[in-house]
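Nothing here was measured: the structure is a model prediction, and the numbers come from that model. Just so we're on the same page: letters track the sequence lines, and every chain starts at 1.
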Amino acid sequence: MPECPEVHLAGRFINRACGGLVFAGGVERSAVGRGPEVPFRSEAYRISAIARGKELRLTLSALDPAAAPPQDLVFRFGMSGSFRLCPAAELPRHAHLRFRTRESPPRALCFVDPRRFGSWRLGDAWQQERGPCVVSEYQAFRENVLKNLDDKAFDKPICEALLNQKYFNGIGNYLRAEILYRLKIPPFEKARTVLEAVKDQVQKRRKKDPSLRLSKKVKLMQKNPDLLELCHAVPMEVIMAEKHLFDPEHADNYANFKNWLQCYLVPGMSSLRDHNGRTIWFQGEPGPMAPTGQVPQKTPCKKRAQLKADPKALTPKVASRASKRCPRAAATPPKSDEKEEGEEEEASGPGKGHARRRRRVTPAPALPEPEVLLNTKRSRQRSARKGRGTVPAL
DNA sequence: CGTCCACGTCTAC
DNA sequence: TAGACCTGGACGG
């Protein structure tokens, strides 16, 4: 689950689980891994990690510094990357890079990445174009945004700007939805409009109480976080909830994570494809820059036996939140012949449990003769689906 | 079985 | 602004 919380937690996992381990030998790479061979070998070395946004840097350090210079590696996780520590004799599928311990029997720290969109590079350099980390470099992140509001990156809708790693290093698709939802900001409001308002608000606060004590300021911000503060606080919630969302016996982790989500994938919320073909989840108005020719999709609210709420699973703030209720039904009534409820939909059977997603319904547009257009063999090629769910333009 | 969808970048018309 | 890059799970017939 690689947005910045998962990357940071991967780093924490490595430091905790591997901090006391000694590794030995060379670094093994799978035949298909998306990264270079790692020219490092040592009969006794340690591994440490540090995260920045969606990147994770590993440092391999020989116990005897004279034996070999340290080797740095910077990973990106793509859509499916993760690190695991497992017996070297039972490597998981798609373990594209492996670091073996000196134990007997040996274990291996593995970079596992089924889809292979992730990669690694040699050296200690973070990717040049990525901005400060929303989690670990909050002040720099904030200033980088507010000082550059004239950048054309902010001409775009806020939901798209939030995925720009030059300004929002660490934010990904579920975080943008969760962040905007907390403030009920329409996802297709213009980014600059939203951020200028943040800037003005800061000025006002300053004028009003120029001598506020720091502690007061902190309280104020915690009570009334602005968008940029939430870009830090929301990922932090996930990181803090580590124990419950990502514990070793990951049996219920996914269920807990889904339970933490307030908007992304949540039944009753609306969704649209943004201009890059990514699904944005939101509630309420899409906003002025919404793509034309699409009807917001809505997963119907089923009568659901709520996700089995694990009462201790959530951070205090969220803990009291009523289990996910459907907001009032709204526009775009679902198709009349929709299969209603029926199954009790236990959120996730033990073991599996996955995004229970309603198949996207081809919207029935309130336009004459949509069928012709909609049914014209939309090419079934893999990526021909960006436009699915569209409505003939007017 | 087949289709759709996924927590992200990249580069090439 | 489309594809391309990939595997695998959910769901439908």
Side-chain angles (χ1 to χ4, degrees), chain A residues 1-10 30-35 51 53-56 74-83 92-96 112-121 126-131 134 156-157 159-160 162-166 168-179 234-235 238-239 245-246 253-254 257-258 260-261 263-266 271-281 291-293 297 299 339 342-343 345-349 351-362 377-390:
Chain A
M1 303 189 152
E3 294 183 26
C4 74
E6 293 77 21
V7 175
H8 276 252
L9 288 171
S30 81
V32 291
R34 280 289 202 256
K54 287 183 199 167
E55 293 185 302
L56 185 73
V74 175
F75 289 82
R76 275 173 302 125
F77 285 18
M79 293 285 264
S80 59
S82 65
F83 275 91
R93 277 167 67 75
H94 311 296
H96 301 305
V112 180
D113 182 16
R115 295 185 71 180
R116 279 184 272 149
F117 294 171
S119 64
W120 62 89
R121 297 181 333 243
W126 304 114
Q127 192 174 28
Q128 189 67 50
E129 312 79 58
R130 306 186 77 104
V134 294
K156 305 199 167 184
C159 72
E160 292 170 23
L162 282 170
L163 293 185
N164 184 337
Q165 304 296 300
K166 179 176 172 190
F168 298 91
N169 187 4
I171 302 300
N173 205 22
Y174 80 74
L175 283 171
R176 70 170 177 171
E178 295 299 310
I179 289 164
V234 173
V238 178
I239 291 174
L245 300 185
F246 301 95
N253 280 0
Y254 192 70
F257 176 69
K258 280 190 70 185
W260 173 84
L261 294 169
C263 180
Y264 183 79
L265 299 180
V266 171
S271 65
L272 281 173
R273 299 310 188 99
D274 70 15
H275 297 286
N276 299 310
R278 303 267 262 147
T279 303
I280 174 70
W281 291 76
T292 56
Q297 298 296 304
T299 49
K339 293 258 146 106
E343 336 80 6
E345 164 154 344
E346 197 59 65
S348 72
K352 31 184 65 160
H354 218 50
R356 177 173 259 26
R357 187 76 75 72
R358 163 148 307 246
R359 175 174 296 292
R360 196 119 297 167
V361 181
T362 305
K377 163 172 256 173
R378 41 189 193 225
S379 79
R380 307 149 340 75
Q381 315 209 348
R382 311 183 68 63
S383 27
R385 65 178 119 92
K386 268 194 186 170
R388 262 175 346 76
T390 59

Look at the side chain of A:R116 against the base of C:dC6 and say whether a donor-acceptor pair falls under 3.5 Å; ignore hydrogens and angles. no

Rounded to whole Å, the OH-P distance (A:Y174 to B:dC7) equals 11 Å

Sorted by chain and number, sequence neighbours left out, side-chain contact (heavy atoms from CB on, under 4.5 Å) with A:P92 holds for A:R84, A:C86, A:A95, A:C110, A:V112

From NZ of A:K166 across to P of B:dT9 the rounded distance in Å is 15 Å

With the side chain defined as heavy atoms from C-beta on, A:F117 is closest, among B:dA6, C:dC5, C:dG8, to C:dC5

Hits for side-chain contact (heavy atoms from CB on, under 4.5 Å) against A:N164, two or more places apart or cross-chain, chain-then-number order -> A:A153, A:K166, A:Y167

From CG of A:N169 across to P of B:dG8 the rounded distance in Å is 12 Å

When rounded to whole Å, the CE to P distance for the pair A:M79 and C:dA4 reads 17 Å

C:dG3 versus B:dC4 - spacing of their P atoms, nearest Å: 16 Å

Between CD of A:Q128 and C1' of B:dT9 the distance, given in whole Å, is 17 Å

When rounded to the nearest 0.5 Å, the distance separating CE of A:M79 from CG of A:N173 is 8.0 Å

Sequence neighbours excluded, the answer for side-chain hydrogen bond (donor to acceptor under 3.5 Å, both in side chains) partners of A:Q165 is A:R130

* Salt bridge check: are A:K156 and A:D274 linked by an N-O gap of less than 4.0 Å? -> no

Taking B:dG8, C:dT7, C:dC5 as options, the one with an atom nearest any side-chain atom of A:R34 is C:dC5

The correct list of stems in which DNA chain B takes part (3 or more consecutive Watson-Crick or G-U pairs, distances under 3.5 Å) is B:1-6 with C:7-12, B:8-12 with C:1-5

**Prompt:** Does A:K54 have a side-chain nitrogen or oxygen under 4.0 Å from the phosphate oxygens OP1 or OP2 of B:dG8?
**Reply:** yes

Rounding to 0.5 Å, atoms CG (A:N169) and CH2 (A:W126) come to a distance of 9.0 Å

Assign each of A:S119 and A:N173 the nucleotide of DNA chain B bearing its closest heavy atom; nearer the 5' end lies the nucleotide of A:N173

Does A:R176 reach a base, just sugar-phosphate, or nothing at all? Heavy atoms under 4.0 Å.
nothing

Original post:
With a non-hydrogen cut-off below 4.0 angstrom, is A:E178 in contact with a base, only sugar-phosphate, or nothing?
Top reply: nothing

Original post:
Would you say A:R115 reaches B:dC7's phosphate, i.e. side-chain N/O to OP1/OP2 under 4.0 Å?
Top reply: no

Note to self: For a quick test of reading the model: is some side-chain N or O of A:H275 closer than 4.0 Å to OP1 or OP2 of C:dA2?
What the structure shows: no

For A:R34, the side-chain contact (heavy atoms from CB on, under 4.5 Å) test, sequence neighbours excluded, returns A:R116, A:S119

Separation of B:dG8 atom P from A:R273 atom CZ, nearest Å, is 14 Å

Exercise for review: Rounded to whole angstrom, note down the C1' distance from B:dT11 over to C:dT7.
Suggested key: 22 Å

Separation of B:dG8 atom P from A:D113 atom CG, nearest Å, is 13 Å

When rounded to whole Å, the CG to P distance for the pair A:L163 and B:dT9 reads 8 Å

Quick note, A:R278 side chain, CB onward, closest among C:dC6, B:dG8, B:dA6 is B:dG8

OP1 or OP2 of B:dA6 under 4.0 Å from side-chain N/O of A:T279
yes

Applying side-chain hydrogen bond (donor to acceptor under 3.5 Å, both in side chains) to A:H96 and not counting sequence neighbours gives A:S30

Side-chain contact check for A:Q165: nearest option of B:dC7, B:dT9, C:dC5 is B:dT9

